[in-house]
> 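One structure coming up, written as structure tokens, with questions to follow.
What you see below is based on every heavy atom in this structure, not just the backbone, and it leaves out hydrogens, waters and symmetry mates.
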Number of protein chains: 2
Amino acid sequence: MDIAHRTTDQQKPAEQRRRELLEAADRVVLRDGPKASMNAIAAEAGITKPILYRHFGDKGGLYRALATRHTDALLASLRAALDAPADRRRRVESTLDTYLASIEAMPQVYRFLMHPAEESHQSEQGFDVGRHSAPLLRRMGEELGQVIAERVDLGPAAEAQARIWGHGIVGMMHAAGDWWLGERPCSRAELVRSLADLLWGRLAEAEDRPGGPGF
Amino acid sequence: MDIAHRTTDQQKPAEQRRRELLEAADRVVLRDGPKASMNAIAAEAGITKPILYRHFGDKGGLYRALATRHTDALLASLRAALDAPADRRRRVESTLDTYLASIEAMPQVYRFLMHPAEESHQSEQGFDVGRHSAPLLRRMGEELGQVIAERVDLGPAAEAQARIWGHGIVGMMHAAGDWWLGERPCSRAELVRSLADLLWGRLAEAEDRPGGPGF
DNA sequence: AGCAGTACGTTACTTGCGGTAACACCAGTC
DNA sequence: GACTGGTGTTACCGCAAGTAACGTACTGCT
């Protein structure tokens with residue numbers, strides 16, 4: 001009588017299957033980069049293409065599902081560092097370090113998250129710049145902005161200010177981390193310290209260099 | 001008789017040809033986004049694919065040539081703002097505003113520059129994270145770092161610090177700009193002011209919010 | 001039992017793009 | 001006239017995304 005009463009036989013496999021597929025996709029993507037083919041992923045999962053399409057719609061869907069998993073994981077660890085009971089400078093440094101440690105530990109994951117390899121949504125004729133550059137950055141920016149708004153007293157227009165700062169700080173962290181990961185010009189601790197110093201206004205405090213260029 | 005005297009209808013200096021092709025490519029890319037096909041570009045230029053390949057090698061080559069043009073232009077205008085004779089805060093605000101005005105004026109160009117749409121170099125098995133995320137960011141970061149090192153007195157370890165700050169600030173500008181361009185949550189002037197405030201240490205100065213969350 | 005529905009799975013196909021080979025035309029040069 | 005080097009072309013290959021059509025097993029319903 002109960003239509004929706006799928007006994008354990010079929011319901012579990014549905015969601016569990018999806019997990020298996022995602023894990024297989026994960027392996028392939030982490031091995032071959034964002035240009036892993038659907039065929040390769042299907043082969044790794046021991047099945048064929050159409051099944052992937054039934055589960056995820058299109059390649060973008062699969063990648064989005066994959067990205068969401070990793071993004072959630074990273075955001076969770078960042079939240080932990082961000083919410084720790086310590087003074088602000090400590091929290092900032094801890095969060096920076098957590099992020100950098102993550103991308104250092106799994107550069108392939110990081111690379112994948114930051115490069116969705118063109119979702120190609122083609123939404124209309126317009127060129128909505130947004131959402132193309134990795135949703136991970138946006139999510140981190142929004143969350144950080146929220147935390148700032150909650151915990152820091154910014155006077156009037158606090159909300160707008162906090163969001164701007166959230167996205168700005170996340171961008172700073174991201175770009176510096178990306179560059180650092182590529183060139184390794186210094187230790188992680190030094191990088192963390194320098195970035196925190198930057199946020200602490202040391203650029204504004206520093207003196208002009210004596211004998212500037214042509215001036 | 002004269003070698004340089006070609007009949008007007010054909011046989012142009014070949015470098016000018018390249019320019020024409022680049023301009024055609026520009027039009028198409030700015031219209032169709034980074035996924036513009038070589039066929040489309042060739043059609044826009046009034047010729048066919050193989051010619052493009054003779055000139056630029058592969059799609060990556062064409063896109064690199066295109067990106068270089070725009071990147072050079074943007075960097076030039078940023079340098080102007082950065083080198084203006086004014087106090088530091090003024091220069092910072094002016095540079096931020098110049099950048100934001102540029103991406104606001106030509107979001108398609110901006111989008112293209114930040115999303116080379118996977119060059120797919122496939123260099124070996126490794127995953128060199130670098131250089132995938134738009135060389136524009138790297139170049140801006142390096143230049144800014146250099147300017148900081150030249151004009152600001154940072155004491156010991158100045159060089160490393162300056163480069164870190166350069167990339168960090170550029171990343172801040174980029175991420176905030178990207179987000180702002182997508183959501184338009186405030187005016188450009190407000191954004192500039194907030195970001196400059198952030199760099200001026202206002203995050204560090206601000207008081208804790210009274211009655212924090214659950215604590 | 002027999003029938004529909006549905007999720008799982010396959011093979012085989014279409015479409016479109018990056019890239020290339022082979023060929024054709026047109027100048028000036030020996 | 002034959003040779004060379006630039007312009008251009010058409011026609012093709014390989015490969016990946018995405019789809020259609022078909023087959024199969026298990027379910028509950030009558």
Side-chain angles (χ1 to χ4, degrees), chain A residues 1-22 24-25 28-29 31-66 115-122, chain B residues 1-22 24-25 28-29 31-66 115-122:
Chain A
M1 336 192 139
D2 195 349
I3 307 172
H5 188 270
R6 293 275 182 222
T7 48
T8 57
D9 246 18
Q10 288 291 50
Q11 193 165 32
K12 228 186 350 190
E15 199 156 311
Q16 183 175 344
R17 199 78 186 118
R18 190 187 165 93
R19 273 227 188 86
E20 292 174 10
L21 296 186
L22 274 180
V28 177
V29 164
R31 170 161 47 80
D32 298 351
K35 47 179 300 154
S37 81
M38 293 299 262
N39 259 327
I41 295 174
E44 170 75 24
I47 45 131
T48 49
K49 259 194 304 179
I51 304 181
L52 283 181
Y53 283 95
R54 283 226 255 273
H55 273 273
F56 302 103
D58 61 351
K59 191 172 187 175
L62 205 181
Y63 276 33
R64 236 172 288 128
L66 223 57
H115 261 274
E118 55 168 332
E119 311 234 345
S120 89
H121 260 275
Q122 164 150 351
Chain B
M1 41 209 345
D2 193 345
I3 307 174
H5 187 274
R6 311 285 191 188
T7 48
T8 55
D9 53 331
Q10 284 278 18
Q11 201 77 1
K12 292 177 181 174
E15 183 148 330
Q16 183 173 345
R17 205 63 174 152
R18 190 186 164 95
R19 277 237 170 78
E20 291 175 11
L21 297 184
L22 273 179
V28 177
V29 164
R31 170 161 46 81
D32 297 352
K35 46 179 301 154
S37 80
M38 293 298 264
N39 259 327
I41 295 174
E44 171 74 26
I47 45 130
T48 49
K49 261 195 301 180
I51 303 181
L52 283 181
Y53 283 95
R54 284 224 259 272
H55 273 274
F56 301 102
D58 62 349
K59 191 172 187 174
L62 206 181
Y63 276 32
R64 237 171 288 129
L66 223 57
H115 262 275
E118 56 166 334
E119 309 235 345
S120 89
H121 262 273
Q122 163 157 348

> Would you compute the distance between atom CG of A:D58 and atom CG of A:L52 and round it to the nearest 0.5 angstrom?
11.5 Å
> Expressed in angstrom and rounded to an integer, what is the separation of A:I41 atom CD1 from D:dA17 atom C1'?
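Rounded to whole Å, this separation is 12 Å.
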> What residues form a side chain to side chain contact (heavy atoms under 4.5 Å, CB included) with A:A43, not counting sequence neighbours?
none
> Taking atom P of D:dT19 as reference, at what distance in whole Å does atom CE of A:M38 sit?
10 Å
> Can you tell me the distance, in whole Å, between the CG atom of B:N39 and the P atom of D:dT9?
11 Å
> Tell me: CD1 of B:I51 to C1' of C:dG19, nearest whole Å?
15 Å
> Dump the intermediate steps for side chain to side chain contact (heavy atoms under 4.5 Å, CB included) on A:R64 and A:F56, then the final yes or no.
CA-CA 9 Å; A:R64 236 172 288 128; A:F56 302 103; over 6 Å; no
> What is the distance from CG of B:L52 to P of D:dT7, rounded to the nearest Å?
12 Å
> B:E44 and B:R31: which non-hydrogen atoms are nearest, and at how many Å?
OE1-NH2, 3.5 Å
> Expressed in angstrom and rounded to an integer, what is the separation of B:E20 atom CD from D:dT7 atom C1'?
13 Å
> Which distance, rounded to the nearest 0.5 Å, do you find between the CD1 of B:I51 and the CE of B:M38?
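Spacing of CD1 (B:I51) from CE (B:M38) equals 11.5 Å.
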> Bend across the helix from C:dA1-D:dT30 to C:dC30-D:dG1, to 10°, with axes taken over 5 pairs at each end?
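Rounded value for the end-axis angle: 30°.
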> Distances under 3.5 Å only, N/O to N/O: pair up the protein atoms with those of nucleotides 20-26 of chain C.
none

> Identify the two heavy atoms, one from A:A42 and one from A:K49, that lie closest to each other, and give their separation to 0.1 Å.
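Closest pair (atom of A:A42, atom of A:K49, distance): CB-N, 3.7 Å.
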> Please give me the minimum heavy-atom distance between A:L21 and A:A45, naming the atom from each residue.
CD2-CB, 3.8 Å
> Please report the interatomic distance CD1(B:I47) to CD1(B:I41), rounded to the nearest 0.5 Å.
10.0 Å
> Rounded to the nearest Å, what distance is computed from the NE2 atom of residue B:H55 to the P atom of nucleotide C:dG19?
16 Å
> I need the CZ-P distance between A:R18 and C:dA7, as an integer number of Å.
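Rounded to whole Å, this separation is 15 Å.
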> Using OP1 and OP2 only, check whether a side-chain N or O of A:R17 sits under 4.0 Å from C:dA7.
no
> Should A:T48 be listed as having a side-chain N or O under 4.0 Å from OP1 or OP2 of C:dT10?
yes
> Minimum heavy-atom separation for A:R18 to A:H55, with atom names?
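Between these two residues, the closest heavy atoms are NH1-O, 3.5 Å.
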> Using the closest heavy atom to pick a nucleotide of DNA chain C for each, name whichever of A:I47 or B:A36 lands nearer the 5' end.
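Whichever sits nearer the 5' end wins; that is A:I47.
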